[in-house]
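What follows is a short report on a single structure.
Reckoned from all heavy atoms, side chains included, excluding hydrogens, waters and symmetry mates. All values derive from a computational prediction rather than experimental measurement.
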Amino acid sequence: MHPYRYYSDNYIHAILKKVRTIALVGASPKQNRDSYLCMKFLLEFGYIVIPINPREADNVILGQRCYARLNDVRERVDMVEIFRDPQAVIEIVDQALDMDIDVIWMQLGVINLEAEQIALAAGIKVVMDRCPKIELQKLKQ
């Protein structure tokens, strides 16, 4: 087992309580997609969510302007949530390093140990293979 499976509830909850602005890489305008449902939940929970998807750049997803790349975002981002294939994560982490991001969060099924090490070495907190929507629902109980 890899250590990413053993995040303490305190670690997860501290992140979710501190974060305000989330860039959601892999956002989809399709209402049946997990990234759409997660983004909708996060917005309803009170987070600012910035969708990232090159095919949807300059379009609007859930009332939020979509950007092509993480580096296109000009406002301060606390956390990058990644709904992409694990192979794409290193490039996303590299972009995040230029933005002073606090947290890299890889969605359920998204695991990239090399990207985790790069982020951790830069002082960025990492969560892999978890869903913030599910974790926030646990917090509410």
Side-chain angles (χ1 to χ4, degrees), residues 1-57 59-141:
M1 278 286 190
H2 294 293
Y4 60 82
R5 298 218 184 261
Y6 300 106
Y7 303 115
S8 73
D9 287 344
N10 288 341
Y11 178 78
I12 297 284
H13 296 165
I15 287 171
L16 293 172
K17 286 178 182 174
K18 184 178 181 203
V19 164
R20 291 290 96 213
T21 303
I22 301 169
L24 197 148
V25 179
S28 175
K30 296 177 183 170
Q31 294 181 15
N32 64 333
R33 300 299 281 275
D34 289 338
S35 63
Y36 180 94
L37 297 170
C38 186
M39 182 175 168
K40 184 174 189 283
F41 181 87
L42 292 171
L43 287 166
E44 290 169 355
F45 208 85
Y47 292 98
I48 297 165
V49 184
I50 302 166
I52 311 293
N53 182 330
R55 287 172 293 192
E56 297 298 327
N59 290 335
V60 174
I61 299 175
L62 289 164
Q64 310 303 309
R65 178 176 178 246
C66 189
Y67 293 87
R69 295 171 32 98
L70 187 56
N71 289 47
D72 295 336
V73 177
R74 293 293 158 239
E75 52 258 63
R76 169 78 166 95
V77 172
D78 302 311
M79 181 172 99
V80 175
E81 182 183 1
I82 303 172
F83 274 90
R84 294 283 314 278
D85 291 337
Q87 301 87 340
V89 174
I90 290 177
E91 179 183 342
I92 296 162
V93 169
D94 285 343
Q95 290 178 44
L97 294 177
D98 294 334
M99 298 179 66
D100 191 32
I101 302 291
D102 298 325
V103 180
I104 298 289
W105 189 299
M106 297 177 224
Q107 190 53 265
L108 289 171
V110 182
I111 299 164
N112 187 312
L113 299 175
E114 184 180 351
E116 175 192 44
Q117 290 308 310
I118 292 167
L120 290 172
I124 299 172
K125 291 183 174 132
V126 176
V127 176
M128 283 192 290
D129 197 29
R130 294 281 184 101
C131 176
K133 177 179 181 277
I134 292 169
E135 299 301 327
L136 285 165
Q137 289 169 325
K138 285 186 206 175
L139 260 178
K140 287 173 69 175
Q141 295 174 351

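- How far CZ of Phe45 is from CG of Leu136: 4.5 Å, rounded to the nearest 0.5 Å.
- Among all heavy-atom pairs drawn from Val89 and Ala115, the shortest one is CG1-CB, 3.4 Å.
- With rounding to the nearest 0.5 Å, the separation of CG in Asn71 from CD1 in Ile52 is 9.0 Å.
- Not a single donor-acceptor pair under 3.5 Å links the side chain of Ser28 to the backbone N or O of Arg33.
- Defined by atom type and a distance below 3.5 Å, a donor-acceptor pair is missing between the side-chain atoms of Tyr67 and Arg69.
- Without hydrogens or angle criteria, Asn53 side chain to Ala27 main chain gives a donor-acceptor distance under 3.5 Å.
- Closest non-hydrogen pair, Val126 versus Tyr11, comes out as O-OH, 3.0 Å.
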Evaluation steps, side chain to side chain contact (heavy atoms under 4.5 Å, CB included), between Gln117 and Leu120
CA-CA 5 Å; Gln117 290 308 310; Leu120 290 172; 4.1 Å; yes
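- Distance alone, capped at 3.5 Å, is enough to place a donor-acceptor pair between the Trp105 side chain and the Arg130 backbone.
- Of the charged side-chain nitrogens involved, none lies within less than 4.0 Å of a carboxylate oxygen, so that Lys125 and Asp78 do not count as a salt-bridged pair.
- Counting heavy atoms from C-beta on, the side chains of Cys66 and Val60 never come closer than 4.5 Å.
- Using a distance-only test at 3.5 Å, with no hydrogens or angles considered, a donor-acceptor pair links the side chain of Asn112 to the main chain of Pro86.
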Could you walk me through whether Phe41 and Cys38 pass the side chain to side chain contact (heavy atoms under 4.5 Å, CB included) test, one step at a time?
CA-CA 5 Å; Phe41 181 87; Cys38 186; 5.7 Å; no
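- Once rounded to the nearest 0.5 Å, the distance linking NZ of Lys133 with CD of Gln107 reads 10.0 Å.
- Using a 4.5 Å heavy-atom threshold, the side chains of Leu42 and Glu81 count as touching.
- One distance of note links CD1 of Ile50 with CG of Leu24; it measures 10.5 Å at 0.5 Å rounding.
- For Tyr36 (side chain) and Leu62 (main-chain N/O), no donor-acceptor pair under 3.5 Å exists by modelled atom type.
- In this structure, His13 NE2 and Lys138 NZ are separated by 6.5 Å, a value rounded to the nearest 0.5 Å.
- Here the side chains of Ile22 and Ile48 are not in contact, with every heavy-atom distance at 4.5 Å or above.
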Is there a side chain to side chain contact (heavy atoms under 4.5 Å, CB included) between Ile124 and Leu97? Walk through the geometry before answering.
CA-CA 9 Å; Ile124 299 172; Leu97 294 177; 3.6 Å; yes
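- No side-chain heavy atom of Val110 sits less than 4.5 Å from a side-chain heavy atom of Asp85.
- Within 6.0 Å of the CZ atom in Arg76, the count of heavy atoms belonging to other residues, nucleotides or ligands exceeds 12.
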Test Met99 against Leu70 for side chain to side chain contact (heavy atoms under 4.5 Å, CB included), laying out the working first.
CA-CA 9 Å; Met99 298 179 66; Leu70 187 56; 3.5 Å; yes
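- Closest approach of Ile61 and Pro29 over heavy atoms only: CD1-N, 3.9 Å.
- Atom CD1 of Ile82 sits about 4.5 Å away from atom CD1 of Ile92, to the nearest 0.5 Å.
- The shortest side-chain heavy-atom distance between Ile104 and Met106 falls under the 4.5 Å cut-off.
- Between Asp102 and Met79, every side-chain heavy-atom pair lies at or beyond the 4.5 Å cut-off.
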